[in-house]
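In what follows, a single structure is set out as structure tokens and then discussed.
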Protein chains: 2
Amino acid sequence: MRILVAEDDQRLAKMLRLHLERAGYQVDVAQDGVEALLQCQTYRYDLLILDWMMPRKSGIEVAATLRQEQFEGGILMLTARDTEIDLVHGLDSGADDYLVKPFQSNELLARLRALSRRQQKAFISTVTFHGLVLDLSSQTISYERHPIDLTRREFEFLSLLLRRPEQVMSRELIIEVVWGIGADITDNALDALVRLVRKKLDAVGAPNLIRTVRGFGYRLGDPHA
Amino acid sequence: MRILVAEDDQRLAKMLRLHLERAGYQVDVAQDGVEALLQCQTYRYDLLILDWMMPRKSGIEVAATLRQEQFEGGILMLTARDTEIDLVHGLDSGADDYLVKPFQSNELLARLRALSRRQQKAFISTVTFHGLVLDLSSQTISYERHPIDLTRREFEFLSLLLRRPEQVMSRELIIEVVWGIGADITDNALDALVRLVRKKLDAVGAPNLIRTVRGFGYRLGDPHA
DNA sequence: CGATGTTCATGCGGATTTTGGTGGCAGAAG
DNA sequence: CTTCTGCCACCAAAATCCGCATGAACATCG
């Protein structure tokens, strides 16, 4: 597993390398943002650790640029305690997770493992659609600031739709995603699930967002259409 | 500015005293960890220089103990170049900085200056949430000024949650952080741990802060939500 | 030994699924 | 254009299942 550490603090960089190599990663280190970018464009990395504040180019900028260039690995951002963490949250920088300095090596390693495990599912980006907000980091969906209390399956279902608004998802696909491939459930379970989610959306005043497409499946649609 | 040097190597200790005194510090020397501890409990020091490897009690142990006793001065750790050290752990133990032997006297002095500067500014870094206070410098957690007596794992767990309030931490991640990666425990150990922590929180009158999120994990939540 | 940490067995309650019934839509037939 | 018919979405409540909490027993470490 190849990993690039972009960190200007020499000592921290050294420390990181030590721990990561001991954990079996193949580690490269970049001293600043520009260097990190160059390295990424030259070599292939599975994971990236970016310091938030670096000379020449900040971690956010690097992450944003790389995502535009279709970088698909996991990105972990390092921030100092006193910097606004909300920034990480709010900005859709492309980072998947963050860690506040100082941190413990086992938390770092655990988060990295979590990242490589769920490579494609970013943690901290948010997706919104007509007042519905999906916050991956807290596994929460809310409507107009009202958090909606969803069970695991309900969450999986709604977030699936939310990630592809307006697009029809077939019943088959939904079942495979929510229950896993080869799940042994009746077709009706999905109906029941949909009903529950709709009820919960109603309860917080969200309009009729989940549209059923007869014979195909479901989609999230503009309530005023 | 009073400073204590704990170093078993006589020649190095002598050298340090020389340089430090020349730089205007008032210097005491301890020969090993236990002695250092005693001195600190007797006199007040602004700064500490601890050798990593010492007879009777290592620098880490001394630092950890002192932090628990609310020692607030800066701690600088000395390490040999070739020892393969768990640096992060070292810093976690309460040290503020470290220096690899052999070193130049001016680097030593520079780091000491940085340390004492940092002391004067807002130094005690704490994280708080609804009356719960995590004090990183002393590695303690308290509720409404009541210190909570936590075991190592309990502390790890609660501080993990505390560092990301409101955010759901998956059972997997928690286990990896608290027990380490690849720990061989039953899933149930976490349940048990949670129960203990909750009980201790109850005991000091803290409300229901640890929320379980079925199917996901746990999070620290607003008790009035 | 005592403190700390882990497992076991059990019970509860919420989450999930099933059942069975209703209604509406669409295309075919009148 | 209207009616019929079958399929499918939808609903409510009941049944089942599973995750989690719990207390006590057991192990481990200092």
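Just so you know, these numbers come straight off a predicted model, no measurement behind them. Chain identifiers are assigned alphabetically (A, B, ...) following the order of the sequence lines, protein sequences preceding nucleic acid strands; residue numbering begins at 1 within each chain.
Per the geometry, CZ belonging to A:F157 stands 16 Å off C1' belonging to C:dT17, to the nearest Å. Atom CZ of B:R211 and atom P of D:dA21 are 13 Å apart (whole Å). Note: CG (A:D187) to P (C:dT18) measures 10 Å, nearest angstrom. Atom C1' of nucleotide D:dG19 and atom CD1 of B:I174 are separated by 15 Å, given to the nearest angstrom. Atom P of nucleotide C:dG5 and atom CG of B:D149 are separated by 10 Å, given to the nearest angstrom. Between A:L190 atom CG and C:dT16 atom P there is a gap of 14 Å when expressed in whole angstrom units. Between the CG atom of B:N208 and the C1' atom of D:dC20 there is a distance of 14 Å, given to the nearest Å. In this structure, the CD1 atom of A:I185 is 19 Å from the P atom of D:dT16, given to the nearest Å.
Regarding contacts with the backbone of C:dG14, every side-chain N or O of A:T151 stays at 4.0 angstrom or more from both OP1 and OP2. Taking side-chain N and O atoms only, B:W179 has no distance below 4.0 Å to OP1 or OP2 of C:dG5. Here B:R171 reaches the OP1 or OP2 of D:dC20: one of its side-chain N or O atoms lies under 4.0 Å away. Regarding contacts with the backbone of C:dT7, a side-chain N or O of B:T186 is found under 4.0 angstrom from either OP1 or OP2. Contact check, A:Y218 against D:dC8: no side-chain N or O comes under 4.0 Å of OP1 or OP2.
Among D:dA21, C:dT19, C:dT18, the nucleotide with an atom closest to any side-chain atom of A:N188 is C:dT19. Listed candidates were C:dT6, C:dT16, D:dA9. Nearest to the side chain of A:R153 is C:dT16. Listed candidates were D:dA9, C:dT7, D:dC20. Nearest to the side chain of B:D191 is D:dC20.
Formation of a donor-acceptor pair under 3.5 Å by the B:S58 side chain with backbone atoms of B:M54 is not found in this model. Judged by distance alone, the side chain of B:E144 and the main-chain N or O of B:H146 form no donor-acceptor pair under 3.5 Å. Judged by distance alone, with hydrogens and angles left aside, the side-chain atoms of A:R153 form no donor-acceptor pair with the main-chain N or O of A:L190 at under 3.5 Å. Between the side chain of A:S170 and the backbone N or O of A:L173, at least one donor-acceptor pair lies under 3.5 Å. Distance alone, capped at 3.5 Å, places no donor-acceptor pair between the A:R219 side chain and the A:L161 backbone.
Evaluation of the side chain to side chain donor-acceptor pair (under 3.5 Å) rule for B:R145 yields no partner, not counting sequence neighbours.
Among the protein residues, A:F216 comes within range of no part of the nucleic acid, since none of its heavy atoms lies under 4.0 Å from any strand. Using a 4.0 Å heavy-atom criterion, one finds that A:R214 contacts the bases of the nucleic acid, with or without backbone contacts as well.
B:D28 and B:Y45 are linked by a side-chain donor-acceptor pair at a separation below 3.5 angstrom, with hydrogens and angles left out of the test. Of the N and O atoms on the side chains of A:Q26 and A:E21, not one donor lies less than 3.5 Å from an acceptor on the other residue.
Comparing the axis of the opening five pairs of the helix from C:dC1-D:dG30 to C:dG30-D:dC1 with that of the closing five pairs yields an angle of 30°, rounded to 10°.
Checked options B:L150, B:V178, B:I175; the residue passing with B:F157 is B:V178 (criterion: side-chain contact (heavy atoms from CB on, under 4.5 Å)).
If you find the closest nucleotide of DNA chain D to A:V213 and to A:R152, the one lying nearer the 5' end belongs to A:V213.
Within residues 195-202 of chain A, the residues having any heavy atom under 4.0 Å from DNA chain D are, by residue number, A:R195, A:R198.
In this structure, B:R164 satisfies the cation-pi test against A:Y98, with its NZ or CZ atom closer than 6.0 Å to the six-membered ring centre and inside 45 degrees of the ring normal.
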